[in-house]
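Labels below follow one simple rule: chain letters A, B, ... track the order of the sequence lines, proteins then strands, and each chain is numbered from 1. Basis for what follows: all heavy atoms, side chains included, without hydrogens, waters or symmetry-related copies.
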There are 2 protein chains.
Amino acid sequence: MISAAKTPVPEAPSADPAEPTARQAAVLDAVLALMQEQGGQLTMTGVARRASCSKETLYKWFGDRDGLLTATVQWQASRVRAGRYDRQRRDASSLRDSLRGFAANWLSVISSATSIALNRLAITHAASQQSNLGQIVLENGRFAIGDRLKPVLEEGRAAGLLQFDDTEAAFRTFFGLAGRDVQIRLLLGDDLKLGKSEIDRDAAAATDQFLTLYGRKTPTPAAA
Amino acid sequence: MISAAKTPVPEAPSADPAEPTARQAAVLDAVLALMQEQGGQLTMTGVARRASCSKETLYKWFGDRDGLLTATVQWQASRVRAGRYDRQRRDASSLRDSLRGFAANWLSVISSATSIALNRLAITHAASQQSNLGQIVLENGRFAIGDRLKPVLEEGRAAGLLQFDDTEAAFRTFFGLAGRDVQIRLLLGDDLKLGKSEIDRDAAAATDQFLTLYGRKTPTPAAA
DNA sequence: GGAGAGCCGTACCGTACGTTACGGTTCTCT
DNA sequence: AGAGAACCGTAACGTACGGTACGGCTCTCC
């Protein structure tokens, strides 16, 4: 969506729409900030004022309001994609640490003001069945974490630490144990306080529960 | 919100705002229908046309747009509150049945078009920090089911079938195991098919997992 | 240093929609 | 039957906001 390009100008140091220029990134950050502060009433005029740019520029860069919103969601997504768990030792305690890390990270994300604002926006748009913001958010939230966690689960299984048939089902169980009612409550405006200590505690609890359900009692075939 | 009552007329066969007249209920049903069909673009004119009433009447009865929406949410809530699990025998299989029933019921609710539309609406409003639709939906969804399920859990504990310290925590685990990623995916527009057979299967699986985590190995103290 | 492009600030336009007003019709009560 | 209230259908009003146009400033490049 970035760069509608009426004029054939070499204005794009970044060909990829997913990589806005520094100035464009500043605009998108302004959008994110406004979304968190003002909630739903996000107007083009407000964005222009906050970002100290003209509406004309907004429309030239992002096409229309929906383009701006889409770019903002992708911009935030590109940021979150950063953390990546590399292959670790295949033992019980490192698996447990990985799972705890995933759960804690997920809880941090969904309880952040940015995520709440973004999800609310995407849900509002999904209701109007305009644009595909919902899919984008899903892709970079729920499905992205699935894609990152599933290999960990399968490694755990390969190492004899976990036991399951359906990786997807196992992941969804973990997702449920970690998230529980947190996201829906926050989206609906419940002021659930979730500090770092609570997150760590809950992540550990969810991990323990998951391991109880899917952990193999005999990690190594020592029984034979 | 129902009945703004400029004129001192005995127009209310129902004094309680939670109990609209038949005609008012028809209007609220029209709102629900429109919400599901048209998504977010719910206009007062559209409601009036659909309900075959005048906008003037809408404003007289519900005050303003927000009042109409609030009344609609409460109207739907009053409907869902119907099902109620009465005390059952305190044995393992009836407990299991109760839990399965709760999980299946909850999955049915959150995957219904009505619930999705209502939650989207409430989330949109929560974003605008106007009104308290979010709280109302939470009260009649997440918290209502909690209030109904917790006694069951505590009975199960009293009967020696379950083991936990914190009822709230146990409930939240059950909630997470049952719901997993279903609600957020549906709210974001993912077209997750959830038929009766899947619901029953998933409810049973969630119940089994919950019992694995919280069930007591020795239901009756037969070991002594 | 002059031409041109990019951009800021602001005024402007059109539309959608919440809200109000009003004439005409039906129902109720006496 | 007649008065009055409730209500329907529709027109009208005001505003908020998405989108566009334009004047002026600055920076770059020749």
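- Put simply, B:Arg65 has no side-chain N or O that comes within less than 4.0 Å of OP1 or OP2 on C:dT20.
- When the side-chain nitrogen and oxygen atoms of B:Trp61 are compared with OP1 and OP2 of D:dA6, none of them lie within a distance under 4.0 Å.
- Taking atom CZ of A:Arg23 as the reference point, atom C1' of D:dC27 lies 15 Å away to the nearest angstrom.
- Atom-to-atom, OH of B:Tyr59 to P of D:dG14 comes out at 16 Å; the value is rounded to the nearest Å.
- Minimum interatomic distance between B:Ala122 and A:Leu188 (heavy atoms only, all atoms of both residues): CB-CD2, 3.6 Å.
- Using modelled atom types, no side-chain atom of A:Ser115 and backbone atom of A:Ser111 make a donor-acceptor pair closer than 3.5 Å.
- Counting only distance, with no hydrogens or angles, the side chain of B:Arg180 and the backbone of A:Phe175 share no donor-acceptor pair below 3.5 Å.
- Proximity of a side-chain donor or acceptor of B:Gln76 to a complementary backbone N or O of B:Val73 within less than 3.5 Å is not detected.
- Taking atom CG of B:Leu58 as the reference point, atom P of C:dA21 lies 16 Å away to the nearest angstrom.
- A side-chain donor-acceptor contact under 3.5 Å links A:Gln24 to the backbone of A:Thr21.
- Applying a 4.0 Å cut-off to non-hydrogen atoms, the residues of residues 35-57 of chain B that approach DNA chain C are B:Leu42, B:Thr43, B:Met44, B:Lys55, B:Glu56, listed by residue number.
- Put simply, the side chain of A:Thr57 does not reach to within 4.5 Å of the side chain of A:Val27, judged on heavy atoms.
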